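Side chains included, hydrogens not; waters and symmetry mates left out as well; all remaining heavy atoms used. Just so you know, these numbers come straight off a predicted model, no measurement behind them.
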Amino acid sequence: MKKLYIIGAGSVGGHLALNIEQYDADYKVEGFFDDDPDKIGTSQFGLSVAGDVNAVLKLKGVFVAIGIAFPKIKKQIVEKLSSNKSLKFPSFVHQKAW
């Protein structure tokens, strides 16, 4: 199984974490990253929030999903993380999507 980290420990990220098997069985969610200082170091949806988005820049060769509902914020995160060329961003489409 591939280790997956989710940026965004809110409702979208939580949905993906709790239902990952409905999207892709090859991934295991390892935890979250979130810029909300009140969430860092806590457990959300049964998984730890390891740090803020800047901490993701230090990771190498991992799979990252952006679980954020707002396109403008998603774009800012992608632009920030684009400097780390080793990160992998899989696409997730629910098995019942049509």
Side-chain angles (χ1 to χ4, degrees):
M1 294 203 115
K2 301 171 197 165
K3 294 179 180 180
L4 176 72
Y5 294 92
I6 300 174
I7 296 175
S11 60
V12 174
H15 172 79
L16 181 59
L18 293 173
N19 299 285
I20 191 67
E21 71 282 349
Q22 295 176 18
Y23 292 86
D24 196 322
D26 288 343
Y27 291 92
K28 179 182 182 298
V29 180
E30 296 292 315
F32 294 103
F33 289 89
D34 197 295
D35 281 343
D36 182 345
D38 291 334
K39 290 182 180 177
I40 296 171
T42 68
S43 177
Q44 302 290 322
F45 306 98
L47 297 163
S48 67
V49 181
D52 63 11
V53 174
N54 287 324
V56 179
L57 288 169
K58 298 174 187 171
L59 301 177
K60 299 292 180 203
V62 299
F63 293 90
V64 179
I66 302 175
I68 305 285
F70 305 101
K72 186 174 182 178
I73 295 173
K74 276 186 189 180
K75 181 180 178 187
Q76 291 170 349
I77 292 170
V78 169
E79 287 171 352
K80 179 183 282 193
L81 297 180
S82 66
S83 65
N84 183 340
K85 304 294 184 201
S86 75
L87 297 177
K88 302 167 191 165
F89 297 93
S91 295
F92 293 100
V93 178
H94 194 277
Q95 63 189 9
K96 292 185 180 180
W98 51 274

Exercise for review: Kindly compute the distance separating CD (Gln22) from CD (Gln95), expressed to the nearest 0.5 Å.
Suggested key: 5.5 Å

Point to revise | Nearest non-hydrogen partners of Gly8 and Phe32, listed with the distance | key: O-CD2, 3.4 Å

Check your understanding: Does one hydrophobic cluster hold both Val62 and Ile66, with members joined at side-chain heavy-atom distances below 4.5 Å?
Key -> yes

Check your understanding: When you look at NZ of Lys2, are more than 12 heavy atoms from neighbouring residues, nucleotides or ligands closer to it than 6.0 Å?
Key -> yes

Check your understanding: Can you tell me how far the NE2 atom of His15 sits from the OH atom of Tyr23, to the nearest 0.5 Å?
Key -> 3.0 Å

Study note, to complete from the structure: On a heavy-atom basis, the closest approach of Leu47 and Ala17 is CD1-CB, 3.9 Å

Practice item. Give a yes or no on whether Tyr5 and Ile73 share a hydrophobic cluster (residues Ile, Leu, Val, Met, Phe, Trp, Tyr; joining criterion: side-chain heavy atoms under 4.5 Å apart). Key: yes

Review point. Linking I/L/V/M/F/W/Y whenever their side-chain heavy atoms sit closer than 4.5 Å, directly or via other members, would Ile68 and Leu57 fall into one cluster?
Key: yes

Study note, to complete from the structure: In this structure, CD of Glu79 is separated from CD of Gln76 (nearest 0.5 Å) by 7.5 Å

Practice item. Would you name the heavy atoms of Phe33 and Ala55 that are closest together and state the gap between them? Key: CE2-CB, 3.8 Å

Exercise for review: Among Asp35, Asp52, Val53, find the residue that satisfies the side chain to side chain contact (heavy atoms under 4.5 Å, CB included) test when tested with Ile7.
Suggested key: Val53

Exercise for review: Mind running side-chain contact (heavy atoms from CB on, under 4.5 Å) on Ile20 and Lys28 for me, showing each step along the way?
Suggested key: CA-CA 8 Å; Ile20 191 67; Lys28 179 182 182 298; over 6 Å; no

Check your understanding: Under 4.5 Å between side-chain heavy atoms, hopping through other hydrophobics if needed: is there a path connecting Ile77 to Leu16?
Key -> no

Revision key, fill the gap. For Gly61 and Ser86, the nearest pair of non-hydrogen atoms, with its separation, is N-OG, 3.0 Å

Review point. What residue pairs, at least two apart or across chains, pass ring-ring contact (aromatic ring centres under 6.0 Å, His included) with a residue in residues 36-80?
Key: Tyr27-Phe63

Check your understanding: NZ of Lys58 to CG of Asn84: how many Å apart, nearest 0.5 Å?
Key -> 12.0 Å

Practice item. Determine the minimum heavy-atom distance between Gly10 and Asp34, stating which atoms define it. Key: N-OD2, 4.3 Å

Review point. Does Ile6 belong to the same Ile/Leu/Val/Met/Phe/Trp/Tyr cluster as Leu18, with side-chain heavy atoms less than 4.5 Å apart forming each link?
Key: yes

Practice item. Measure across Lys39 and Val49 and return the closest heavy-atom pair with its distance rounded to 0.1 Å. Key: O-CB, 3.2 Å

Study note, to complete from the structure: Interatomic distance, NZ@Lys3 vs CG@Leu59, rounded to 0.5 Å, equals 11.0 Å

